[in-house]
Amino acid sequence: MRTNGDENEPRREQAAMGAGTVKRIGVIGVGEIARAIVTGLCEGAVAPPEVFLSPRGARTAAQLSARYEGVRVCGGNQEVVDRSDVVVIAVRGQDRHQALSGLRVDGGKLVVSVMAGVGADDLRQALGTDAPVVRAIPLPAVRERRSVTVTCPSHPVVDSLFERLGGALPVADEAAFNVFSALTGTLTAHYAYLATLASWAAGHGVAADQADAYVRGLFEGVGRSLSDGTRSLDQLAADHETPGGSNERIRTTWFGPAGSASLATALDGLLADLQRP
Ligand SMILES: NC(=O)C1=CN([C@@H]2O[C@H](COP(=O)(O)OP(=O)(O)OC[C@H]3O[C@@H](n4cnc5c(N)ncnc54)[C@H](OP(=O)(O)O)[C@@H]3O)[C@@H](O)[C@H]2O)C=CC1
């Protein structure tokens, strides 16, 4: 695994040169995460893969095929499978039966599922295939080839595919995979936290645009400090805190043991649901 940051520039260049082995990628379910994956693979790439898209969602598929030369929209999901070496399943979990029923996927294909909460066995059964099934957790920043994607099980072709999009983090089993999946469920709470800070400031008479810009700037700085892997997360917190000062006050009064426990309980509940067969 590699981390985000400027040290990744050579890797982005390598990605832009089209390094990697997958030549034909199919995508069933062309929504937001599919758009990010296809954009990351194709934008500025010298030798991007051929990409075959399902006819749904039509609007995004049409936009991607208009923008990138090697991207085509197929007449149906079976055609996507037939034309591809690697098939990415990117429908919502509840749509998988409709999207996959009746599909023939021979054992020579490689299936990559990005659906949250759908186990590999479940998917293999739904497809009635003995093709290898790899689960992955791409995030929207794969669009800029800046996000590490957790994969399970490790597969050289899939890992190299996600290396092109910012990095691959293969994990040993689906239990670990689900823990990482639960972590990704915390992202929008983070944005909501920032929005709450800005709105609190505006509520105290600060111009809303100034509050918004200031909060963004504060946390961009925090984000940059995370790329310093030599300091633990606890150390980073301590380094930002004066004993008895404002940060310690807010951390201990608002996010004390009860706050931590409440977050852990929410994560435990999410994990239990992700593990449910
Ligand atoms: N968004 C994210 O950040 C991430 C999402 N995921 C996972 O990716 C999956 C998709 O999420 P997301 O992209 O946000 O969802 P979207 O709703 O944006 O995209 C899902 C797409 O699936 C299409 N679809 C529905 N039924 C079929 C079908 N029968 N055949 C082909 N395509 C179909 C929909 O088409 P239509 O528009 O025509 O209904 C839609 O375009 C989910 O399982 C989610 O858990 C994983 C990691 C991150």
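Atom set for the values below is all heavy atoms of this structure, side chains included, hydrogens, waters and symmetry mates excluded. Both counts, for ligands and for their atoms, begin at 1 and track the order of listing. Heads up: numbering here begins at 1 and tracks the sequence.
Every atom of ligand 1 with a heavy atom of P138 under 4.0 Å away is listed here by number and element: 47 (C), 48 (C). Per-residue contacts place G57 under 4.0 angstrom from the following atoms of ligand 1 (heavy atoms of the residue considered): 35 (O), 36 (P), 37 (O), 38 (O), 41 (O). Using a 4.0 Å cut-off to heavy atoms of P140, the atoms of ligand 1 that qualify are 3 (O). Below 4.0 Å from some heavy atom of N77 lie the following atoms of ligand 1, by number and element: 30 (N), 31 (C). Per-residue contacts place A90 under 4.0 angstrom from the following atoms of ligand 1 (heavy atoms of the residue considered): 9 (C), 10 (C), 20 (C). Of all the atoms in ligand 1, the ones that sit under 4.0 Å from a non-hydrogen atom of M115 are 43 (O).
In terms of protein heavy-atom proximity, atom 19 (O) of ligand 1 is nearest to G31 CA, 3.2 Å.
Contacts between T60 and ligand 1, counted as non-hydrogen atom pairs separated by less than 4.0 Å, are absent for every part of the residue. The parts of A99 lying near ligand 1 are both backbone and side chain, judged by heavy-atom distances below 4.0 Å. With a heavy-atom cut-off of 4.0 Å, D95 touches ligand 1 through its side chain alone.
Taking the six-membered ring where the residue is Trp, the centroids of W254 and Y193 are separated by under 6.0 Å.
Here the side chains of T39 and Y68 are in contact, with some heavy-atom distance below 4.5 Å.
In terms of N/O distances under 3.5 Å, ligand 1 is not approached by L139. In terms of N/O distances under 3.5 Å, ligand 1 is not approached by A34.
Judged by the shortest distance from any of its heavy atoms, V30 lies inside the 4.0 Å radius around the atoms of ligand 1.
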